[in-house]
Structures are given as structure tokens and as C-alpha cells.
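Worksheet: the structure to be examined is printed underneath.
Atoms within each ligand, like the ligands themselves, are counted from 1 in listed order.
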Amino acid sequence: MRDVDLRSDTVTRPTPAMWAAMAVAEVGDDVYGEDPTVNQLELLAAEHLGKEAALFVASGTQGNLVSLLAHCGRGDEVILGDKSHTFRFEQGGMAALGGIMPFTLPNQPDGTLRLEDIEAAIRPDDAHFPYTRLICLENTHNLCHGVPLTPEYTRRVAGLARNHGLKLHIDGARIFNAAAALEVDVRELVAPADSATFCLSKGLCAPVGSMVCGDVDFIARARRARKVLGGGMRQAGIIAAAGIIALEVMTERLDSDHASARVLAEGLAAIPGIHVAPVYTNMVYFDLDERLPLDAYEIEARLAARGVRIGARSARSFRAVTHYWIDDEAVDLTLDAVREVLGTPAVESPILHCDMEAEH
Ligand code: TLP
């Protein structure tokens, strides 16, 4: 039975080219700055994002944490979205390890923070308050259905940050998906920011790793923060070799994952009782009608028994994420399995299309 795993793009295994590159990677001690493959990856990442320097870190979570530690001191405050990954899913690392306080603002359905909300959240210079130091955005925005943030919006937030002497960080775990969806150079998306992270190990298929990008001074501070977090990785060239392929090759093919997501969404939307959220990139969020007798956890288990893995997010909702290993056949198998579990016959025609653009 073929295994179809749509729980996340984090499940992606390395491509054959990555395995080959890892087998022959030149390595050295990266804590001494002597791993040539890591050094090459860092140069390439900085170049791709249009920043002065870059740092190879273990994960997206570590990348965001070292960025926050490099921008903020203890007692400083960070403005970020209430649906951001950094606030929701990083164990409060900024507070636990950095003494940094999150000031959350409501993420709008399009993943943005309202400029007036940001402005109102910035603390005046008053001994009662912490110093506001940083604004964080997330692009694409995971919990907001994988929506990309535009360069225009990012520039406006950066302008506001600059006017108040604040820094701007972008959690760009999937920034190359944003660039592909918006058809812009990724540099445009991060140029207004002081720092940006992106993940090599999600849709880009590398087995491990993320990059932190920014100016030379910021990266020097981030490097120190990585070390204190135990992130000095020594002969990391083995995994950096896969990262180079992720960056140079895999960033060029993300449109195909977005197309698969649209086909999957259209197929799901045609199944009675399923409501599909707008699809912008590689994420398909969908809900179950209250009248369906099975809950999402039961459906998840029955799909898994058929070799199809989709993550239930609550008793009535799911997220499916497309990636390199999800081809047309995998999408068909998924739709067949969902129909079977819900007891719905395949819809021949006409296919009901959900309007992907409607809510954006
Ligand atoms: N997201 C994972 C889970 O943690 C939810 C996923 O399956 O989507 N920023 C964003 C926007 C992310 O979506 C993630 C991972 C991270 C940071 C953290 O990356 P890792 O898992 O490498 O620490």
C-alpha cells in the first residue's frame, strides 16, 4: 500500500540528489567556522535573500529564537500575531529562555497585523513599561491558511518599525512558497526586514535545518545565541549539502505543490459535508459539516488505515499540506480514501470548484 502523508511538508524526505550530495560532502568543524559546505550554504542563503550574512540553524524554532535573542534583551517586548507560530508553537521560548515578553495582536484572516493595532501596541518611554524592541511577521502564514504577505504590506510595517526605532523580523519558514505564489523575487519579501528565517526542511525537502539571514552584526549575535542553545553543530556539512540543493533547486518547483493543493481542495470541496478554506499556497484547511456522523479524529484514524495521513486539528477540522512527494496519484488516492471513509461515491461531473480567491 502506498503511504500518502499530508500532515505537513515537514515530513518530506531528502531527494535522490540530496542523498548523493550528502554522501560526498566536504566537512569540517563549523564551530571553528571550518566547514566548507556550511560556509557555502550560508553564503548562498544570504545571496538568495539579499542580506549581508546568514547562519545555519537546526530548525525553524531555533532560527526564530536566536533571532529574537539577537534583537532583544531581557524584559524587552515583541509585537507579534496571536496566530503566529512563534507565539503558538514554540513553547514560549522567547520568555522561557530570553526573558522576552510577547505582546500579541489579532492576526487578520489575511495573515496581517493591522497597522493601527501595531502603532497602538508600541510602548511609550515610561518606567512602567517594557521597551518595545521588535515586530514579527510570518510569511506564509501557517494558521491563516498559508496565505502569503505582500511586499507592499511588509514595507508598510517596516516603515512603521523604523519610525519608532524598532526592528522587524520575518518568520519566513515558507517564504519561498510566498514568493512563488506572489510571483515576486524572495528578496522583495524580506528586503524591508532586519532579519528573516526560512526552513530548508519543509517544502524544500532537506532533512534538517533552517537559515537565519540579516546583517553581519546581527548574524554574529545570532551565532552566539545559537551556541548557548547548544546549536553549534560541528561537521554539519553533511546536512548543509542537502540544504544547498534545497535552496538552489527545490525553490524553483513550489508552484507544482500549490497546483496539487488546488486540485486536492477542489476534489474535497465536491464531497458533501466538507467545507474548504481558500487555498493560497500548499496548505488545504477544511472543516466538517456538523451533520457528518464521524468526527475528525475518527476520520483521521480510518484514513490512516488506508495509508492516507491527514492531520485533524480539532473534532471538526483538518489541515492537509502538499509537497514534493505528493503527486497526482497521491491526490487521487487521498480523494478516493476520503470519499470511501465518508461513504460518498466519486463525483464524475460537474466538479464543484471552490472559489480560492473569494475570501482573499
Ligand atoms: N510548523 C510545523 C508545526 O510546528 C506546526 C508545521 O507542520 O507546519 N515557523 C512556521 C511558520 C512553521 O510552520 C514552523 C513549523 C516553524 C516555524 C518551526 O519549524 P521547525 O519545525 O523546523 O522548528
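Shown here are the side-chain contact (heavy atoms from CB on, under 4.5 Å) partners of R156, two or more places apart in sequence or in another chain: L115. Evaluation of the ring pair (Phe, Tyr, Trp, His ring centres under 6.0 Å) rule for H258 yields no partner, not counting sequence neighbours.
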Quick check for students: name every N or O atom pair between ligand 1 and the protein closer than 3.5 Å, with distances.
unit_1: ligand 1; atom_1: 1 (N); unit_2: H85; atom_2: NE2; d: 3.2
unit_1: ligand 1; atom_1: 4 (O); unit_2: H85; atom_2: NE2; d: 2.8
unit_1: ligand 1; atom_1: 7 (O); unit_2: S8; atom_2: OG; d: 2.7
unit_1: ligand 1; atom_1: 7 (O); unit_2: R319; atom_2: NH2; d: 2.9
unit_1: ligand 1; atom_1: 8 (O); unit_2: N142; atom_2: ND2; d: 3.0
unit_1: ligand 1; atom_1: 8 (O); unit_2: R174; atom_2: NH2; d: 2.8
unit_1: ligand 1; atom_1: 8 (O); unit_2: R319; atom_2: NH1; d: 2.9
unit_1: ligand 1; atom_1: 8 (O); unit_2: R319; atom_2: NH2; d: 3.4
unit_1: ligand 1; atom_1: 9 (N); unit_2: D171; atom_2: OD1; d: 3.2
unit_1: ligand 1; atom_1: 9 (N); unit_2: D171; atom_2: OD2; d: 2.7
unit_1: ligand 1; atom_1: 13 (O); unit_2: N142; atom_2: ND2; d: 2.9
unit_1: ligand 1; atom_1: 13 (O); unit_2: R174; atom_2: NH1; d: 2.9
unit_1: ligand 1; atom_1: 19 (O); unit_2: K202; atom_2: NZ; d: 2.8
unit_1: ligand 1; atom_1: 22 (O); unit_2: G60; atom_2: N; d: 2.8
unit_1: ligand 1; atom_1: 22 (O); unit_2: K202; atom_2: NZ; d: 3.3
unit_1: ligand 1; atom_1: 23 (O); unit_2: G60; atom_2: N; d: 3.4
unit_1: ligand 1; atom_1: 23 (O); unit_2: T61; atom_2: N; d: 2.9
unit_1: ligand 1; atom_1: 23 (O); unit_2: T61; atom_2: OG1; d: 2.6

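Note: F286 and F318 have parallel aromatic rings, judged against thresholds of 30 and 60 degrees for the angle between ring planes.
One finds the CD1 atom of I175 at 9.5 Å from the CG atom of N177 (value rounded to the nearest 0.5 Å).
Under the side-chain contact (heavy atoms from CB on, under 4.5 Å) rule, K83 has a single partner from Q108, H141, E138, which is H141.
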N/O donor-acceptor pairs under 3.5 Å from side chains in residues 62-74, not counting sequence neighbours:
unit_1: Q62; atom_1: OE1; unit_2: A58; atom_2: N; d: 2.8
unit_1: N64; atom_1: OD1; unit_2: H169; atom_2: NE2; d: 3.0
unit_1: N64; atom_1: OD1; unit_2: T197; atom_2: OG1; d: 3.2
unit_1: N64; atom_1: ND2; unit_2: T86; atom_2: OG1; d: 3.4
unit_1: N64; atom_1: ND2; unit_2: E90; atom_2: OE2; d: 3.0
unit_1: N64; atom_1: ND2; unit_2: D171; atom_2: OD2; d: 3.0
unit_1: S67; atom_1: OG; unit_2: G63; atom_2: O; d: 2.7
unit_1: H71; atom_1: NE2; unit_2: S195; atom_2: OG; d: 2.8

